[in-house]
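Each remark here refers to the structure printed beneath this line.
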Amino acid sequence: MMDLNFKYEKLIKFLNSTAPFEPEIAIVLGSGLGEFSDSLETKKIFLTKDLPGYPVSSVEGHAGEVNFSVLDSKKLLIFRGRIHFYEGYLLSACILPSFIASKLGCKKLLLTNAAGGIKESLSPGDLMLSNSFNAISLKKELTQLVGLASVEIKNNFLNCPSKKINEIIKKAARQENIDLAEGVYWYTKGPSYETPAEIQFIKKFGGDAVGMSTVHEAVFGASLGLEVAAISCITNLAAGISEEKLSHDEVKKTAEKVMHKFSGLLKKVVLEL
Ligand code: HPA
């Protein structure tokens, strides 16, 4: 944490001095989900490449913007695109959105992602709320990340989705007539999609959807005192659950199709937070 304060001192100073307002809710938009930000009133757009010390995302579909936007009276900090561990960055770079959100004064963090569906009831195009995480492959790195957090957080650091926000999200989905699934988001390091054998393992141990992001951002955000929630867009059935070969194209295409529904839900949630 001290290290991050030092490492990103310039970046935080720059954002603090140029931000049009103090944001209250931060939202990270995952693969192909960036368009949500087009439906907001955006006051200021920063390209991440112009932010001092901000890591560069190389993933297609990740625009690399930090936007200050409003929706009615809600002041939002939107991360359009994220940094992935599989791009070769340290985890301490991947959690930058959570760090910035906390430093700029946000109290809440909404994470979105594209994920592969494992649970039988999930189909491509569904939305799934994370009620829990599994990040067994990241345990060591996560433990280091939350090393300085309080004992209470350390003891529960994977159980970080906020029950309060999850209830708000479920209610918003009902009001918008959106079927919102719920389940365990299982983190894998990537960059390769999983093998059918890996998915069988994950399924056996309780994973409902699988993806390569979010958990570390959530855990670290929670360790800084943010209330955190995560919603997945199920862009495909996980490897071996269907015969089809997985592709980033398919992930982006499904995300595009679901964008309208996802945007509607996010807007309702933001207004109720
Ligand atoms: N596996 C991992 N990450 C993903 C997937 C998947 O099937 N779909 C979208 N992101």
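Below, all heavy atoms of this structure are taken into account, side chains as well, without hydrogens, waters or symmetry copies. Throughout, numbering of the chain's residues begins at 1 and tracks the sequence. None of the values given here were measured: they were computed from a predicted structure.
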Does the pair Ser69 and Thr42 meet the rule for a side chain to side chain donor-acceptor pair (under 3.5 Å), with working shown?
CA-CA 4 Å; Ser69 305; Thr42 295; 2.9 Å; yes
Is there a side-chain contact between Val270 and Ile27, using heavy atoms and a 4.5 Å cut-off?
yes
Minimum heavy-atom separation for Gly34 to Leu29, with atom names?
O-CD1, 3.6 Å
Heavy-atom nearest pair, Thr112 first then Gly30, reads OG1-N, 3.0 Å
Distance check, rounded to the nearest 0.5 Å: Leu265 atom CG versus Ile178 atom CD1?
4.5 Å
Check this for me: Lys74, atom NZ, are more than 12 non-hydrogen atoms of other residues, nucleotides or ligands nearer than 6.0 Å?
yes
Can you tell me if Lys164 has over 12 outside heavy atoms packed within less than 6.0 Å of its NZ?
no
Run the side-chain contact (heavy atoms from CB on, under 4.5 Å) test on Val228 and Ile165 for me, step by step, so that the C-alpha distance in whole Å, both residues' side-chain angles and the decisive distance to 0.1 Å come before the verdict.
CA-CA 7 Å; Val228 178; Ile165 298 190; over 6 Å; no
From Met212 atom CE to Glu194 atom CD, the distance as rounded to the nearest 0.5 Å
5.5 Å
Could you check whether any side-chain N or O of Glu24 sits under 3.5 Å from a backbone N or O of Lys75, counting only pairs where one atom can act as donor and the other as acceptor?
yes
Apply side chain to side chain donor-acceptor pair (under 3.5 Å) to Asn5 and Lys103, showing your working.
CA-CA 9 Å; Asn5 278 324; Lys103 283 285 167 189; 2.8 Å; yes
In short, Ala181 meets Leu122 closest at the heavy-atom pair CB-CD2, 3.6 Å
Interatomic spacing from NE2 in His216 to CG in Leu142 - rounded to 0.5 Å:
8.0 Å
Side-chain contact, heavy-atom cut-off 4.5 Å: Phe79 with Leu96?
no
Would you sort out whether Lys171 and Glu167 count as a salt bridge (Lys or Arg N to Asp or Glu O under 4.0 Å), showing the intermediate values?
CA-CA 6 Å; Lys171 189 169 164 211; Glu167 284 310 314; over 6 Å; no
To the nearest 0.5 Å, tell me how far Ile100 CD1 sits from Leu4 CG.
10.5 Å
Run Val66 and Thr48 through side-chain contact (heavy atoms from CB on, under 4.5 Å) and show every step you take.
CA-CA 6 Å; Val66 179; Thr48 53; 3.8 Å; yes
Do Leu104 and Ile95 land in one hydrophobic cluster if side-chain heavy atoms of ILVMFWY residues count as linked below 4.5 Å?
yes
Please check this pair: side chain of Lys107 against backbone of Gly105, looking for a donor-acceptor N/O pair closer than 3.5 Å.
yes
Would you check if the side chain of Asn166 reaches a backbone N or O of Ser130 as a donor-acceptor pair within less than 3.5 Å?
yes
Keeping Tyr89 on the side-chain end and Val56 on the backbone end, is there a donor-acceptor pair under 3.5 Å?
yes
For Glu250 against Lys245, the heavy-atom pair lying closest together:
OE1-O, 4.0 Å
For the aromatic rings, using the six-membered ring if either is Trp, is the centroid distance between Phe205 and Phe201 under 6.0 Å?
yes
Close side-chain approach of Asn236 and Thr254, heavy atoms under 4.5 Å
no
Are more than 12 heavy atoms from other residues, nucleotides or ligands located less than 6.0 Å from atom CD of Glu244?
no
Are Leu271 and Leu180 connected in a single hydrophobic cluster, I mean Ile/Leu/Val/Met/Phe/Trp/Tyr linked by side-chain heavy atoms less than 4.5 Å apart?
yes
Could you walk me through whether Glu227 and Lys163 satisfy the salt bridge (Lys or Arg N to Asp or Glu O under 4.0 Å) test, starting with their C-alpha distance in whole Å, then the side-chain angles of each, then the deciding distance to 0.1 Å, before giving a yes or no?
CA-CA 9 Å; Glu227 284 184 274; Lys163 290 203 167 57; over 6 Å; no
For the ring pair Phe68 and Phe21, is the centre-to-centre distance below 6.0 Å?
yes
What verdict does the side chain to side chain donor-acceptor pair (under 3.5 Å) test give for Glu217 and Ser98, after you've listed the backbone C-alpha separation in whole Å, the side-chain angles of each residue and the deciding distance to 0.1 Å?
CA-CA 6 Å; Glu217 299 160 344; Ser98 311; 5.9 Å; no
Test item: Ile12 and Phe99 side chains (from C-beta on) under 4.5 Å apart, heavy atoms:
yes
Would you please indicate yes or no on a ring centroid separation below 6.0 angstrom for Phe46 and Tyr54?
no
Using the side-chain contact (heavy atoms from CB on, under 4.5 Å) rule, take Thr188 and Ile202 through it: C-alpha gap first, then chi angles, then the decisive distance, then the call.
CA-CA 10 Å; Thr188 56; Ile202 293 171; 4.0 Å; yes
Single-linkage hydrophobic cluster Leu266~Leu129, side-chain heavy atoms < 4.5 angstrom
yes
Nearest heavy atoms of Pro55 and Ala93, plus distance in Å
CG-CB, 3.9 Å
Decide salt bridge (Lys or Arg N to Asp or Glu O under 4.0 Å) for Glu176 and Arg174; before the verdict, give the C-alpha distance in whole Å, the side-chain angles of both, and the deciding distance to 0.1 Å.
CA-CA 5 Å; Glu176 294 290 294; Arg174 283 196 299 274; over 6 Å; no
When rounded to the nearest 0.5 angstrom, what distance separates CG in Leu77 from CG in Leu109?
9.5 Å
Any side-chain heavy-atom pair from Lys108 and Leu226 closer than 4.5 angstrom?
no
Are Lys252 and Glu256 within salt-bridge range, i.e. N to O under 4.0 Å?
no
Within the side chain of Ser263, is there an N or O that forms a donor-acceptor pair under 3.5 Å with the backbone of His260?
no
Are side-chain heavy atoms of Asp208 and Met128 found at a separation under 4.5 Å?
yes
Worked check of side-chain contact (heavy atoms from CB on, under 4.5 Å) between Asp126 and Lys119:
CA-CA 12 Å; Asp126 286 350; Lys119 182 156 78 168; over 6 Å; no
When you compare the side chain of Thr195 with that of Glu198, does any pair of heavy atoms fall below 4.5 Å?
yes
Verdict with reasoning, Asn113 to Ser232, per side chain to side chain donor-acceptor pair (under 3.5 Å):
CA-CA 5 Å; Asn113 56 60; Ser232 300; 2.7 Å; yes
Enclosure of Lys261 NZ (heavy-atom neighbours >12, cutoff 6.0 Å):
yes
Residue pair Ser213 / His84: nearest heavy atoms and the distance that separates them
CB-CD2, 4.2 Å
Hey, are the side chains of Gln200 and Lys204 touching, using non-hydrogen atoms and a 4.5 Å cut-off?
no
How are the rings of Phe133 and Tyr185 set to each other: parallel, tilted or perpendicular (split at 30° and 60°)?
perpendicular
Rounded to the nearest 0.5 Å, how far does NZ of Lys189 lie from CG of Leu91?
9.0 Å
